[in-house]
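For reference, the structure is listed below as structure tokens.
The figures here come from the full heavy-atom set of this structure, side chains too, leaving out hydrogens, waters and symmetry mates. Numbered from 1 within each chain, the chains take letters A, B, ... in sequence-line order.
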There are 2 protein chains.
Amino acid sequence: MNHTYQYPRAALTVDCVVFGFDDGSGALQVLLIRRGIAPFKDHWALPGGFVRVEETLDEAARRELAEETNLSTVFLEQLYTFGTVDRDPRERVVSVAYYALTKPADHTTAASTDAAEASWFPVSDVPPLAFDHATILDTALARLRGKLRYEPIGFELLPPKFTLTQLQRLYESVLGTEIDKRNFRKKVLGHELLIPLKETHRDGPHRPAQLFRFDPEKYERLKKKGFLFEL
Amino acid sequence: MNHTYQYPRAALTVDCVVFGFDDGSGALQVLLIRRGIAPFKDHWALPGGFVRVEETLDEAARRELAEETNLSTVFLEQLYTFGTVDRDPRERVVSVAYYALTKPADHTTAASTDAAEASWFPVSDVPPLAFDHATILDTALARLRGKLRYEPIGFELLPPKFTLTQLQRLYESVLGTEIDKRNFRKKVLGHELLIPLKETHRDGPHRPAQLFRFDPEKYERLKKKGFLFEL
DNA sequence: CCAAAAGTGTTCAGGCTACACCCATGT
DNA sequence: ACATGGGTGTAGCCTGAACACTTTTGG
């Protein structure tokens, strides 16, 4: 076969499930855009769009993220590819879904291309979504929960400097469980991947909290030696 | 946007990493086909092909598997989507990779469409592969190893009736570790997901081995109650 | 009777769980 | 001084790892 394949082709898109964590409410959030165009005009949807022939899938995901939400330099990982025949009413569209984790500082969102509006919603209370985006969101949530247990990705949802209580609230919120404070601290400090800073976090009429930062280099070194992060 | 998207489109394929376990050699195997057409004519490659507009991705994977290898009713799960720009020399091709697990009884392979020849290779000793199929195979192996630990998919690689020793050899081979016989049996029987049969497996000048079968219904019930399989 | 794999229990150490009080600060 | 969240240690339990001999069969 030296000629190219000429049968009708599916269109290819990427969709991104962007997670953020709001320390105030302690709730996990998703970034949604309100569609400015048909189909599903004015419905909420995941940011995404068509893949160009000259860009990789990862590039397409980052580009769409930048265009529609002004986010960059976030944790981004491929999730799953959704390819049922009727997921888009216009024609056959296969979508490679990604999920992204953003730190609160990056939450400077502003809509632009294709998106009339962008906004954060708590994952426990999202509006009806366009296409099969509810399924994609569920898949992303399941993946996030699974991954949080055995890989240190929770830090991607927190500011660079954070307290142990913030980290614990994040775990509790995402996993939907209550965790014992002492046990949590013992375990997470036991890994020796958190560096205590000289600063503290002042926040109201009580003792200030120690700030930490995650040490990604040390984690990489340990990982190569067969180390396994957990909880 | 009421018109369809008209920019140049990537072609979409599925590729399948088919694993089998050879109890004789105790080695994990992959099914490869020798390509009958360019590019990479006469090279070994993963079975796969173009996705048709009227079929889902899962259907496309099953169809290609049936066409190229005569396999059906196997465990099949989406793996990852590979979309670098130059992975196919002809044009832009995005490939949704699947991995499949087959029981030895299903190994009645015979090549047909597009494939000049189909053959099993031990994963530790595969020939050079076409396209980026070596990368796909590595990804599939990593996934299989990860999944074997916390989901009962090992049974998909064994005949319906099997001995604990066969199961242990499978785990040892895939995970690349040695496992203590007594501990392994304690753990795996502790789940109470293996049903001891009234039959034994006679195999040479030694005590015959008890045969078991996996109980998928019980597993489904336990899973819904939050049970987690492990090792 | 010999070779070969099947089958079986106990001990020990380390990790996980449960649990309650004092500390530092702002108002 | 009081209200608020930050921070800390221990004891019991359970799980995982290490380890060696008897049993059943075919040749």
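Side-chain proximity of A:Lys187 to the nucleotides D:dG16, D:dT8, C:dC16 is greatest for C:dC16. Side-chain proximity of A:Asn183 to the nucleotides C:dA18, C:dG7, D:dG6 is greatest for C:dA18.
Summarising the geometry, the separation between CD on B:Gln166 and C1' on C:dG7 is reported as 16 Å, rounded to the nearest angstrom. Atom CG of B:Asp180 and atom P of C:dT11 are 16 Å apart (whole Å). Atom-to-atom, NE2 of A:His201 to P of C:dT25 comes out at 15 Å; the value is rounded to the nearest Å. Whole-Å rounding puts the A:Arg169 CZ to D:dG6 C1' distance at 11 Å. Between the CG atom of A:Leu167 and the P atom of D:dG7 there is a distance of 13 Å, given to the nearest Å. In this structure, A:Gln168 atom CD and D:dT8 atom P are separated by 14 Å, rounded to whole Å. Summarising the geometry, the separation between NZ on B:Lys181 and C1' on C:dT8 is reported as 9 Å, rounded to the nearest angstrom. The nearest whole Å value for the distance from the CZ atom in B:Phe212 to the C1' atom in C:dA6 is 11 Å.
Note: A:Tyr219 and A:Phe229 have perpendicular aromatic rings, judged against thresholds of 30 and 60 degrees for the angle between ring planes.
Across B:Phe21 and B:Gln166, no two heavy atoms sit closer than the pair CE2-O, 4.4 Å.
One cannot find a donor-acceptor pair under 3.5 Å joining the base of C:dA5 and the side-chain atoms of B:Asp203. Under 3.5 Å, the side chain of B:Lys186 and the base of D:dT15 form no donor-acceptor pair of N or O atoms.
Side-chain N/O atoms of A:Asp22 and A:Ser25 include a donor and acceptor closer than 3.5 Å.
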Taking N or O atoms only and anything under 3.5 Å, show me the protein contacts with nucleotides 25-27 of chain D, one pair per line.
{"residue": "D:dT25", "atom": "O2", "partner": "B:Pro205", "partner atom": "O", "Å": "3.1"}
{"residue": "D:dT25", "atom": "O2", "partner": "B:His206", "partner atom": "N", "Å": "3.1"}

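Distances shorter than 4.0 Å separate none of the side-chain N or O atoms of B:Thr165 from OP1 or OP2 on C:dA5. A close approach under 4.0 Å does not occur between any side-chain nitrogen or oxygen of A:Arg182 and OP1 or OP2 of C:dA18.
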Legend entry - Candidate pair B:Glu230 and B:Arg149, rule salt bridge (charged side-chain N to carboxylate O under 4.0 Å, His left out), full reasoning: CA-CA 6 Å; B:Glu230 235 189 53; B:Arg149 290 214 163 79; over 6 Å; no

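A donor-acceptor pair is defined here as one N or O able to donate and one able to accept, closer than 3.5 Å; such a pair exists between the side chain of B:Thr102 and the backbone of B:Phe19. Under the 3.5 Å distance criterion, the side-chain polar atoms of A:Gln168 are left unmatched by any main-chain donor or acceptor of A:Phe184.
Using a 4.0 Å heavy-atom cutoff across all strands shown, A:Thr163 reaches no nucleic acid atom at all.
Pairs engaging residues 169-186 of chain A under the salt bridge (charged side-chain N to carboxylate O under 4.0 Å, His left out) rule: none recorded [sequence neighbours left out].
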